[in-house]
Amino acid sequence: TEIPIGCFNSLSIDGAVFERLDNTWLPPNITKIGRAAFHKVFIKQFNYTNSTNTPVDIDAYAFRQNSRLTSLAGMKMNVKGTNAFRDCTALTSLEGWDTTQTDIPRSTFRGCTGLQNISGIPESITKINNGAFAFTNITTLEGLNNITETTSSIKTLGDEGDLTNVDTLTGVFEGCQ
């Protein structure tokens, strides 16, 4: 089952905020969240586990500009599209990366200023694309030990994912504090 392209795009009910979208509201077998499905929708928490415990593909712009989204939990996510969480400024935590995901797409978390520490990134991630964490406040990334390729300039990560040795002026971590 797929939440189709633009399904809830820009849904606004007099400024209403959905406190939580979870298995109570969503079908039990979602396998894909389509392009811009929740773009500009005010959801605070997205907690979902599909009935087969299979990864949910997250397409481009799926949650972009959801300024109230604070957490994603429960589902195994496989971020396939660019800008999936771009400008989700309240996003502070991520859980549930799928262990078959091999890259972090371009501008996935760009502008997510609430992100400071990310852990639980699977060892299967070997590539970070341009702008993936640009304009965030990330100071620590854990689990990037297997990165062999980036699409922009990046220096070697320090011990335990410390970003002090990363070129933060351009590319992957552009604009990081």
In the structure I gave you, are the side-chain heavy atoms of Thr136 and Thr113 within less than 4.5 Å of one another anywhere?
no
- Considering only heavy atoms from C-beta outward, does the side chain of Phe133 approach that of Ile104 to under 4.5 Å? yes
Here the gap from Ile33 atom CD1 to Ile3 atom CD1, rounded to the nearest 0.5 Å, amounts to 4.5 Å
Side chain to side chain donor-acceptor pair (under 3.5 Å) filter on Asn78, not counting sequence neighbours, yields none
- Heavy-atom distance under 4.5 Å between the side chains of Asn83 and Thr108, does that happen here? no
| message | Hydrophobic clusters here meaning ILVMFWY residues chained together by side-chain heavy-atom distances under 4.5 Å, can you tell me if Val41 and Ile5 are in one? | response | no
Contacts of Ser67 meeting side-chain contact (heavy atoms from CB on, under 4.5 Å) (sequence neighbours excluded), chain-then-number -> Phe42, Thr89
Residues at least two apart in sequence or cross-chain that pass side-chain contact (heavy atoms from CB on, under 4.5 Å) with Asp87, listed by chain then number, are Arg64, Gln65
Q. After noting the C-alpha distance and the side-chain angles of Ser107 and Thr82, does the key distance pass the side-chain contact (heavy atoms from CB on, under 4.5 Å) rule?
A. CA-CA 6 Å; Ser107 298; Thr82 64; 5.5 Å; no
Applying ring-ring contact (aromatic ring centres under 6.0 Å, His included) to Tyr61 and not counting sequence neighbours gives none
message = Any non-hydrogen side-chain atom of Arg86 less than 4.5 Å from a side-chain atom of Phe109?
response = no
One should read off an interatomic distance between Phe135 CZ and Cys112 SG, to the nearest 0.5 angstrom, of 13.0 Å
task = Give the intermediate values and the outcome of side-chain contact (heavy atoms from CB on, under 4.5 Å) for residues Asn137 and Gln116.
result = CA-CA 5 Å; Asn137 288 313; Gln116 294 181 344; 4.2 Å; yes
Val79 backbone acceptor or donor facing Gln101 side chain under 3.5 Å
yes
When rounded to the nearest 0.5 Å, the distance separating CG of Asn66 from NE2 of His39 is 9.5 Å
Residues Ala132 and Pro105: closest non-hydrogen pair is CB-O, 3.8 Å
**Prompt:** Short question: side chain of Ser124, backbone of Thr99 - any donor-acceptor pair under 3.5 Å?
**Reply:** yes
Thr54 meets the side chain to side chain donor-acceptor pair (under 3.5 Å) criterion, sequence neighbours left out, with Asn50, Thr52
Between the CZ atom in Arg106 and the CG atom in Asn129, the distance rounded to the nearest 0.5 Å is 8.5 Å
dist Phe38:CZ -> Leu69:CG (nearest 0.5 Å) comes out at 10.5 Å
Taken to the nearest 0.5 Å, the spacing of Glu2 CD from Asp59 CG works out to 7.5 Å
By side chain to side chain donor-acceptor pair (under 3.5 Å), Asp57 pairs with (sequence neighbours left out) none
